[in-house]
Amino acid sequence: MAITEAAILVSVGTWIGIATLPIGGYIAQRYQASNSVMIASFLATTCAILWIPDAALPLIPFIVFGVLAWASAGPIMALPAEVLHVDSRGPGMGIFFSWYYVGMGVLPSLAGLTYDMSGVPAVPLYFAAASMIICIPLLGMFRFLKSRASSSLEIST
């Protein structure tokens, strides 16, 4: 596909995400379901990404991506505030966003490298799908470590 056509498809998913991002945050907060929203979003996004290479009409998985991928953004960005004390929240968020932007710079480059190494246009999409699905055990690890830290604080007080 020509680069301009590909850019339009990616743009569709992004523009739809502008509208759906606050909806995901609202649902997560309204129903106290941030874990469910994040996991559902990770799974749906993975499915949409894996659908792209075989889609007869690629616009449809990009629309699905736009509707569902961005729903987890608000709950994800709220995670650091769950574990940072008020007095360390500023520096803690600085560290969080530093790593966030490192990831935003490095991961697309790694995805491009997968194409360079394989020569198969779908391989960067598989990399993206794997990056999404790994968020589920990472969320589980975050929740486990948070509960472990909370229980050790209760024991020590």
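Just so it is clear, the model here is predicted, and its values are computed rather than measured. We number each residue from 1, following the sequence as shown.
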Quick one: pull up CZ in F62 and CD1 in I52 and give me the separation to the nearest 0.5 Å. 3.5 Å
Could you report the tightest heavy-atom contact between I136 and F42, atom names first, then the distance? CG1-CD1, 3.8 Å
Between L125 and L50, is any pair of side-chain heavy atoms under 4.5 Å apart? no
Closest non-hydrogen atom pair between P58 and L9, with its separation: CB-CD1, 3.7 Å
By the side chain to side chain donor-acceptor pair (under 3.5 Å) test, which pairs, at least two apart or in different chains, include something from residues 107-116? none
Kindly write out the residues that satisfy side-chain hydrogen bond (donor to acceptor under 3.5 Å, both in side chains) with S41, not counting sequence neighbours, or none if the list is empty. S72
Minimum-distance pair of heavy atoms, taken over all atoms of M77 and M93: O-CE, 4.2 Å
So side chain to side chain donor-acceptor pair (under 3.5 Å) across residues 91-101, not counting sequence neighbours, yields none
Let me check something: do V64 and I23 share a hydrophobic cluster, defined by ILVMFWY side-chain heavy atoms less than 4.5 Å apart, either directly or through other members? no
Applying side-chain hydrogen bond (donor to acceptor under 3.5 Å, both in side chains), name anything that partners W15, two or more places apart in sequence or on another chain. S11
With side chains defined as the heavy atoms from C-beta onward, is the minimum distance between I133 and L43 less than 4.5 Å? yes
For S131, the side-chain contact (heavy atoms from CB on, under 4.5 Å) test, sequence neighbours excluded, returns F127
With the side chain counted from C-beta on, respond yes when L79 and V83 share a heavy-atom pair under 4.5 Å apart, and no when they do not. no
Drop me the distance from W70's CH2 to T14's OG1, to the nearest 0.5 angstrom. 5.0 Å
What residues form a side-chain contact (heavy atoms from CB on, under 4.5 Å) with A56, not counting sequence neighbours? none
Would you check if the side chain of T20 reaches a backbone N or O of G66 as a donor-acceptor pair within less than 3.5 Å? yes
List the residues meeting side-chain contact (heavy atoms from CB on, under 4.5 Å) with M141, not counting sequence neighbours, and say none if there are none. L138, L145
Report yes or no: do I49 and L57 belong to one cluster of Ile/Leu/Val/Met/Phe/Trp/Tyr joined by side chain heavy-atom distances under 4.5 Å? yes
How would you list, by chain and number, every residue that makes a side-chain hydrogen bond (donor to acceptor under 3.5 Å, both in side chains) with S88, sequence neighbours excluded? none
Quick one: side-chain contact (heavy atoms from CB on, under 4.5 Å) partners of V86, sequence neighbours excluded? R89
Are V106 and I76 connected, step by step, through hydrophobic side chains (Ile, Leu, Val, Met, Phe, Trp, Tyr) whose heavy atoms are closer than 4.5 Å? no
Check whether V12 and I60 end up in the same hydrophobic cluster, where Ile, Leu, Val, Met, Phe, Trp and Tyr are linked by side-chain heavy atoms less than 4.5 Å apart. yes
As an exercise, state the distance from CG of L21 to OH of Y26, rounded to the nearest 0.5 Å. 15.5 Å
Any idea which heavy atoms bring P75 and G25 closest together, and the distance? CD-CA, 4.3 Å
Could you list the donor-acceptor pairs under 3.5 angstrom formed between side-chain atoms of residues 29-39 and any protein atom two or more places apart in sequence or on another chain?
residue: Q32; atom: NE2; partner: Q29; partner atom: O; Å: 2.9
residue: N35; atom: OD1; partner: R143; partner atom: NE; Å: 2.9
residue: N35; atom: OD1; partner: R143; partner atom: NH2; Å: 3.0

Are there over 12 heavy-atom neighbours, none belonging to I134, within less than 6.0 Å of that residue's CD1? no
Is there a continuous path of hydrophobic side-chain contacts, each under 4.5 Å between heavy atoms, that joins V102 to L107? yes
